[in-house]
Structure formats: structure tokens, C-alpha cells
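Report on one structure; see the data block that follows.
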Amino acid sequence: SLVSSLRYGVFLVARLEDVELRPLGVKDVRVKMLAAPINPSDINMIQGTYAILPDLPAVGGNEGVAQVVEVGHQVKSLKIGDWVIQRDPGLGTWRTEAVLAEDHVISLLNDIPLLSAATVGVNPCTALRMLSDFEDLQPGDSVIQNAANSGVGQAVIQIAAAKGINTINVVRDRPEFPHLSDRLKGIGATYVIKEEALRRPDIEDLFKTCPKPKLALNGVGGKSATELLRHLQTGGSMVTYGGMSKQPVTIPVSALIFKDVKVRGFWITQWKKDHSHDARAFRSMVDELCSLIRQGKLTAPACTEVGLQDYRKALDTAMQPFTSAKQILIM
């Protein structure tokens, strides 16, 4: 297991060690982890800056896909060989094996790609909920988002495209911008523009062919979020789900008074808590996403597969700016 034992500023203190599994209970399953991504929230959790923090030492990782290898004799919903993902964060997925309660996991059919299964439980869920729960979006409507190259951003592009919704995708300027733009358009992006383009008057030309967005999705904060707000329709919503710039969201008074914009937040962990009494809610969301995956309408983000023993390299890469591929630990 990849264990975090200390939190110290921005330094990650993690090491690989053998951890004894607890005995299998009557309603437990023993699983073999297959693949687990390194998400920004995982790094924040090790740094001690996330909203939920496990007691230390703790196994890192909040997402991944595993295969059931043993079941307790009162387990009803799972059998040996099933693929499962975790319902909740904090279970620790950067490990080779785990013993988990039956009701802490949910089964997946293993007819989808491994990397899609490993990454379906956080970012695509966040994307689907934000596209569904804040504005009544219809085919032909528009959504604007920053961090369009992130895991959430790529899922937003694809889910919106499957629903006939236009996406205006904002990314930071970089040397390989033309390549990135082509890649995002290849998965369904309507427009891909640089941050600076949002501040130029000619951005209004875009809205001659595309309606002003009803929904803005903010994963950055700071000036980038303020620019998204400026282009919202009257009465539209900006939903913040991340703050990669570490800058506060500043809302112009005029946007509130004259455009009556709504400023909201979203955290998939809270959504799961709020719907924990209704097992069908998470099940139906995962089923909808897996259906899109089977149809070829939702693919995993660009990924780099790294063996668990090379975790230091994977963590270092995951923390670099302009990282274009998600690091996936393969067990």
C-alpha cells in the first residue's frame, strides 16, 4: 500500500509498505486493485488542504477499479470476479489489495475499458451532475468552462456533446495550444479558446453563431472565474468545483444586480453524502456514464500508466503545471 504518514506544507510524504489486511467479515469483500488514478484532490488530501482528511498513517487514493477475489458468506450483491468501484472517498485505492464492506462499493460490468472504469467515479460524475442539476439545458444551449483540459473538463465536453449542448472551452496559453485544441475538438468541443481571448472585444463574434451560455463551470478561480461570469446569460449560473489558481472568486456587483447571475458550488463527495440513503441515485448515475462509455461517447482522459513501485515519479508528474495526462497507478 502507498501510505501517507505526514502532512507538511506542499511536500508529499508517502512511502510504499506492506500493510496487513483486516480479517474478512461476513458482509465484506476482498478485492485486488487493478488501477487507480492520481487526482488533484488526492494530492490535496496528503498535503492536508482537503475538506476531509483521514487519520494518519493512511492509504492514499480515492478512486479506482478493483476485482472481487473473495466474499463474506452474507454478501448478496457481489460475486468473485466482479469489477467494483468505491462509493465514497477515503477508502485508500493506492494498494494491491483491500478488504471493504459490501455497501462501500458498487459493481461495474467489465465490458468497458480498464482506464474508463478506474476514472469513472469522480470526474465524470462531477461533470454529469453539474450539467444536470443547476440549469435546464436543452440541445443547442451553451456551457462555458475553464480548466477544459482537466479530467472534469474533458468529461463535460463529451457528455455535453452527447446531449447536443455547445461547449466553449477555455484553457491557458501554452506552446502546444494548437495540438490541445485539436484534441479537445476531437472529443466534441465546440470552441476552444485561450484565457486571453475572453478579455478581447472580438469574443462577441463567437456569440453571433453560438448562444450566450446558461451555465459556467469554474475549476480555476481568480480572474478566470470573473471572465466566465461576464459572458453568462442573464439569470445564468456559475458553478465552482475547483480552485486551481488558489485565488478567490471575485464577483462584479453589476453581474449580480443587472444580470442576476447565480453563484453556486459543487462537491461530488457532498452529493454522495446527500444521496447516501438512496442507493439507486449513485447506481443510475454510474449506469448512465457506463452507457456513454459503451457507445464510444465518453472516453477516459489522456492517461499515463505507471506501476505502483514507480509512485514517486507518478506523484511528481501529477503535480507539474500543464500536465496533459492523468497518472494511473497500475497494480
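Counting from 1, the numbers follow the sequence of the chain as shown.
With contacts defined as side-chain heavy-atom distances shorter than 4.5 Å, the pair Glu63/Ile85 does not qualify. Between Asn39 and Asn62, the closest side-chain pair of non-hydrogen atoms is not below 4.5 Å. Considering only heavy atoms from C-beta on, Pro113 comes within 4.5 Å of Ile293 through its side chain. Using a 4.5 Å heavy-atom cutoff, the side chains of Trp83 and Leu114 are in contact. At least one side-chain heavy atom of Asn149 sits under 4.5 Å from a side-chain heavy atom of Arg183. You'll find the side chain of Leu228 reaches within 4.5 Å of the side chain of Asn146, heavy atoms only. Counting only heavy atoms from C-beta outward, the side chains of Lys32 and Leu34 approach each other to under 4.5 Å. Side-chain atoms of Lys163 and Pro139, non-hydrogen and from C-beta on, never get closer than 4.5 Å to each other.
In this structure, the side chain of Gln145 does not engage the main chain of Leu217 through any donor-acceptor pair within 3.5 Å. A donor-acceptor pair under 3.5 Å is formed between the side chain of His231 and the backbone N or O of Leu198. In this structure a side-chain-to-backbone donor-acceptor pair under 3.5 Å is present from Ser245 to Val220. At distances below 3.5 Å, not a single donor-acceptor pair connects side-chain atoms of Tyr241 with backbone N or O atoms of Ile268. Side chain of Thr126 to main chain of Val122: a donor-acceptor pair is present (N/O by atom type, distance under 3.5 Å, no hydrogens or angles). Remark: the backbone N or O of Leu131 is not paired with any side-chain donor or acceptor of Glu135 at under 3.5 angstrom. Judged by distance alone, with hydrogens and angles left aside, the side-chain atoms of Ser224 form no donor-acceptor pair with the main-chain N or O of Gly221 at under 3.5 Å. For the pair Glu288 (side chain) and Ser284 (backbone), a donor-acceptor distance under 3.5 Å is absent. A donor-acceptor pair under 3.5 Å is formed between the side chain of Arg283 and the backbone N or O of Ser107. No donor-acceptor pair under 3.5 Å is formed between the side chain of Thr119 and the backbone N or O of Ala300.
Side-chain polar atoms of Gln158 and Thr299 form a donor-acceptor pair below 3.5 angstrom. With hydrogens and angles left out, the side-chain atoms of Ser150 and Gln154 include no donor and acceptor closer than 3.5 Å. For the 3.5 Å distance criterion, the side chains of Glu102 and Ser77 qualify, holding a donor opposite an acceptor. A donor atom on one side chain and an acceptor atom on the other are found under 3.5 Å apart for Gln270 and Asp274. For the residue pair Thr167 / Asn169, a side-chain donor-acceptor distance below 3.5 Å is found, with atom types taken as modelled. There is a side-chain donor-acceptor pair under 3.5 Å between Gln138 and Asp136. Side-chain atoms of Tyr191 and Ser181 include no donor-acceptor pair closer than 3.5 Å.
Closest of all the heavy-atom pairs between Phe282 and Trp271 is N-CH2, 4.1 Å. Heavy atoms only, all atoms of each residue included: Cys303 and Ala325 are closest at C-CB, 4.1 Å. Between Ala279 and Arg87, the closest heavy-atom pair is O-NH1, 4.1 Å. Here the shortest heavy-atom pairing between Tyr311 and Leu16 reads OH-N, 3.6 Å. Residues Asp28 and Val75 share a closest heavy-atom pair of O-CG2, 3.3 Å. When all heavy atoms are compared, the tightest approach of Asn166 to Cys210 is CB-SG, 4.1 Å.
Relative to the ring axis of Phe134, Lys262 does not place its NZ or CZ within 45° and under 6.0 Å from the centre.
Put simply, NZ on Lys297 and CG on Leu289 are 13.5 Å apart, with the number rounded to the nearest 0.5 Å. Atom CG of Asp287 is separated from atom CZ of Arg280 by 13.0 Å, given to the nearest 0.5 angstrom. Phe207 contributes atom CZ, which lies 6.0 Å from atom CD of Glu204 (distance to the nearest 0.5 angstrom). In this structure, SG on Cys290 lies 7.5 Å from CG on Leu109, to the nearest 0.5 angstrom. Leu292 contributes atom CG, which lies 11.0 Å from atom OG of Ser116 (distance to the nearest 0.5 angstrom). We find the OG-CD1 distance between Ser142 and Ile165 to be 9.0 Å, quoted to the nearest 0.5 Å.
Asp88 and Lys272 are not joined by a salt bridge, as no carboxylate oxygen comes within less than 4.0 angstrom of a charged side-chain nitrogen. A salt bridge between Asp316 and Arg312 is absent, with no side-chain N of the basic residue lying under 4.0 Å from a carboxylate O of the acidic one. Under a 4.0 Å N-O distance rule, the pair Arg230/Glu227 qualifies as a salt bridge. Between Lys194 and Glu196 there is no salt bridge, since no side-chain N of the basic residue sits under 4.0 Å from a carboxylate O of the acidic one.
Cluster annotation: Leu298 and Val65 are assigned to the same hydrophobic cluster (Ile/Leu/Val/Met/Phe/Trp/Tyr, side-chain heavy-atom contacts under 4.5 Å, transitive). Residues Met319 and Ile46 share a hydrophobic cluster, clusters being chains of Ile/Leu/Val/Met/Phe/Trp/Tyr side chains in contact below 4.5 Å. By the criterion of side-chain heavy atoms lying less than 4.5 angstrom apart, applied directly or through intervening Ile, Leu, Val, Met, Phe, Trp or Tyr residues, Leu229 is not grouped with Val171; the two fall into different hydrophobic clusters. Linking ILVMFWY side-chain heavy atoms closer than 4.5 Å, directly or via other members, places Val69 and Val99 in two distinct hydrophobic clusters. Hydrophobic clustering of Ile, Leu, Val, Met, Phe, Trp and Tyr side chains at less than 4.5 Å, counting indirect connections, unites Leu128 with Leu108.
Lys185 is linked by a salt bridge (Lys or Arg N to Asp or Glu O under 4.0 Å) to nothing, counting only residues two or more places apart in sequence or in another chain.
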For this session: Could you check Thr93 against Gln86 for side-chain hydrogen bond (donor to acceptor under 3.5 Å, both in side chains), going step by step and ending with a plain yes or no?
Result: CA-CA 9 Å; Thr93 56; Gln86 298 70 29; 5.6 Å; no
For this session: Could you check Arg30 against Glu97 for side chain to side chain contact (heavy atoms under 4.5 Å, CB included), going step by step and ending with a plain yes or no?
Result: CA-CA 7 Å; Arg30 183 165 64 88; Glu97 290 196 6; 2.9 Å; yes
For this session: Dump the intermediate steps for salt bridge (Lys or Arg N to Asp or Glu O under 4.0 Å) on Asp310 and Lys313, then the final yes or no.
Result: CA-CA 6 Å; Asp310 294 325; Lys313 176 184 167 190; 6.0 Å; no
Problem set entry | side chain to side chain contact (heavy atoms under 4.5 Å, CB included) between Ile159 and Val156, worked out | CA-CA 5 Å; Ile159 296 167; Val156 165; over 6 Å; no
Exercise. Hey, mind stepping through Ile38 and Trp94 against side chain to side chain contact (heavy atoms under 4.5 Å, CB included) and telling me if it holds?
Worked result: CA-CA 9 Å; Ile38 298 176; Trp94 298 346; 3.8 Å; yes
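For His179, the NE2 atom counts as loosely surrounded, since its 6.0 Å shell holds 12 or fewer non-hydrogen atoms of other residues, nucleotides or ligands. More than 12 heavy atoms of other residues, nucleotides or ligands lie within 6.0 Å of CG in Asp278, so this atom counts as buried by the packing criterion.
Screening Leu215, Val239, Thr190, Ile157 against Val143 for a side-chain contact (heavy atoms from CB on, under 4.5 Å) leaves a single residue, Leu215.
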